[in-house]
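Each residue takes its place number in the sequence, starting with 1.
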Amino acid sequence: MQQFRTKSIEYLKHHIINIQPKNNRNVLIQHISPIIKNNSSILIPSAKTGEFIYDLKEINTSLNIHACEENIELFNSIKDISGVTIYNSSFLHLSAPFNFNNYDFILGTLPSFNIDKQNPIGKKFKHWFVNKTDIYSIYFMRTIDLLKHQGIAAFIIPNSFFNSPYLQLLRNKINKHGTILKIQNLSNHHTKTLHNSILIVFKKD
């Protein structure tokens, strides 16, 4: 099985970026595809080279796909994908158009790096963590706000989710607002990440 499309292979030659291989993306897609319905609204918070967009377009269902990509080089490489609305914006920019909608599904691989309250994003969301956190926790909390009732989030994130004390506020919010449907360890084969990754599937209820 080819793990990456040509565009991703070329980008990975010159950049260190967490683009999950086909094996791991398939695990995520297989968990949500049975519950995706025609015209489901889907948001991808960090599109990167568009692998998840193309994966979704292979599903034999009409979908309303939106995606965000802040990096202008990556955005320009995917902006013309047909039938998809792609924003050159951070998922965490509160004034962007996608933030006035709610979605049936929000999915993908979330960015992962540490921030504190001196970081611009940390200042904006300082009430969502104590001292410091991994930025994926901010993405996940924002996702919960943007999901419809009964909406599904499916993310590939570091396994620090299980026990990092800095992520307790994220775990609290997940517990308060919904149910974890699935957690699964994923292979690091073909990835450029140093951490172990997991799939987490969350339902807002």
Exercise. Are K117 and F125 in a cation-pi setup, meaning NZ or CZ lies under 6.0 angstrom from the ring centre and within 45 degrees of the ring axis?
Worked result: no

For this session: Using a 4.5 Å cut-off on heavy atoms from C-beta on, say whether the side chain of Y139 contacts that of P111.
Result: yes

Exercise. Under a 4.0 Å N-O cut-off, is there an ion pair linking D104 with K37?
Worked result: no

Problem set entry | Considering all heavy atoms, the nearest G178-F202 contact | CA-CE1, 3.5 Å

Exercise. If two hydrophobic side chains count as joined below 4.5 Å and joins carry through other members, does I35 share a cluster with I144?
Worked result: no

For this session: Could you tell me whether the side chain of N71 and the main chain of L74 form a donor-acceptor pair under 3.5 Å?
Result: yes

For this session: Using the rule that two of Ile, Leu, Val, Met, Phe, Trp, Tyr join whenever any of their side-chain heavy atoms come within less than 4.5 Å, decide whether L110 and I53 are in one cluster.
Result: no

Problem set entry | Atom of K148, atom of N102 and distance for their closest heavy-atom approach | CE-O, 3.4 Å

Exercise. So, T143 and Y103: side-chain donor and acceptor under 3.5 Å apart, yes or no?
Worked result: no

Problem set entry | I17 and Y11: CA distance, side-chain angles, deciding distance, side-chain contact (heavy atoms from CB on, under 4.5 Å) verdict | CA-CA 9 Å; I17 184 173; Y11 195 81; 3.9 Å; yes

For this session: Consider only side-chain N and O atoms of S8 and E51, and report whether a donor and an acceptor are under 3.5 Å apart.
Result: yes

Exercise. Are Y87 and L63 grouped together when hydrophobic residues (ILVMFWY) are joined by side-chain heavy atoms under 4.5 angstrom apart?
Worked result: no

Exercise. Rounded to the nearest 0.5 Å, how far apart are CD1 of I156 and CD1 of I19?
Worked result: 12.0 Å

Seminar exercise, completed: Correct closest heavy-atom pair for Q20 and S197 would be NE2-OG, 3.8 Å

Problem set entry | Exam field: side chain N64 to backbone I42, donor-acceptor pair closer than 3.5 Å | no

For this session: Keeping the roles fixed (side chain from Q3, backbone from K22), state whether a donor-acceptor pair exists under 3.5 Å.
Result: yes

Problem set entry | S62 and N38: side chain donor to acceptor below 3.5 Å | no

Exercise. Are the side chains of L199 and V201 in touch, meaning some heavy atoms are under 4.5 Å apart?
Worked result: yes

Exercise. Is the backbone N or O of S164 less than 3.5 Å from a side-chain atom of R171, with the two atoms forming a donor-acceptor pair by type?
Worked result: yes

For this session: Begin from the C-alpha positions of L167 and F162 and carry the test side-chain contact (heavy atoms from CB on, under 4.5 Å) through to its verdict.
Result: CA-CA 9 Å; L167 301 174; F162 291 131; over 6 Å; no

Exercise. Is the backbone N or O of L181 less than 3.5 Å from a side-chain atom of T179, with the two atoms forming a donor-acceptor pair by type?
Worked result: no

For this session: Just say parallel, tilted or perpendicular for the rings of F161 and F140, cut-offs at 30° and 60°.
Result: parallel

Exercise. side-chain contact (heavy atoms from CB on, under 4.5 Å) between K182 and L28: does it pass, once the steps are laid out?
Worked result: CA-CA 10 Å; K182 180 75 176 181; L28 187 155; over 6 Å; no

Problem set entry | Neighbour count >12 (heavy atoms, 6.0 Å) for atom NZ, K124 | yes

Exercise. Hey, are the side chains of F4 and P21 touching, using non-hydrogen atoms and a 4.5 Å cut-off?
Worked result: yes

For this session: Mind checking the CG-CZ spacing from L56 to F105? Nearest 0.5 Å is all I need.
Result: 10.0 Å

Problem set entry | Donor-acceptor contact present, side-chain R25 to main-chain D55, <3.5 Å | no

For this session: Could you pull out the closest heavy-atom pair between S112 and D134, with the gap in Å?
Result: OG-OD2, 2.7 Å

Problem set entry | Pairwise side-chain contact, K13 with I9, heavy-atom cut-off 4.5 Å (strictly under) | yes

Problem set entry | Side chain D116, main chain N119, donor-acceptor under 3.5 Å | yes

For this session: Using modelled atom types only, decide if a donor and an acceptor are shared between the side chain of H93 and the backbone of S89 within a distance under 3.5 Å.
Result: no

Seminar exercise, completed: Note: I106 and P45 closest approach over all heavy atoms is CG2-CG, 3.6 Å

Exercise. Are F52 and L12 connected in a single hydrophobic cluster, I mean Ile/Leu/Val/Met/Phe/Trp/Tyr linked by side-chain heavy atoms less than 4.5 Å apart?
Worked result: no

Exercise. Cluster question for you: counting only ILVMFWY and a side-chain heavy-atom cut-off of under 4.5 Å, with indirect links fine, are I157 and L186 together?
Worked result: no

Exercise. Say you draw a straight line from NZ of K132 to CD of Q118; how long is it, rounded to the nearest 0.5 Å?
Worked result: 13.5 Å

Seminar exercise, completed: Here the gap from I138 atom CD1 to I121 atom CD1, rounded to the nearest 0.5 Å, amounts to 8.5 Å

For this session: Give a yes or no answer on whether the side chain of S40 reaches the backbone of I36 with a donor-acceptor pair at less than 3.5 Å.
Result: no

Seminar exercise, completed: Distance col, row S90:OG vs L94:CG, nearest 0.5 angstrom, shows 9.0 Å

For this session: Please report the C-alpha distance between H66 and V84 in whole Å, then the side-chain angles of each, then the deciding distance to 0.1 Å, and finally whether the side-chain contact (heavy atoms from CB on, under 4.5 Å) criterion is met.
Result: CA-CA 6 Å; H66 297 250; V84 181; over 6 Å; no

Exercise. Got a sec: does the OH of Y166 have more than 12 other heavy atoms crowding it under 6.0 Å?
Worked result: no

Problem set entry | Atom pair OG1 (T6) and CD (E10), whose distance is rounded to the nearest 0.5 Å | 7.5 Å

Problem set entry | Sub-4.5 Å side-chain heavy-atom contact between P158 and Y136 | yes

For this session: Please check if the side chain of K48 supplies one atom and the backbone of T109 the other of a donor-acceptor pair under 3.5 Å.
Result: yes

Seminar exercise, completed: Looking only at heavy atoms, the pair that brings L92 and R142 closest together is CD2-CB, 4.1 Å

For this session: For a side chain to side chain contact (heavy atoms under 4.5 Å, CB included) with L107, tell me which candidate from I44, I152, L43 qualifies.
Result: I44

Problem set entry | Pair Q150-K203, side-chain donor/acceptor within less than 3.5 Å | yes

Exercise. How about H31 and V27: do any of their side-chain heavy atoms sit closer than 4.5 Å?
Worked result: yes

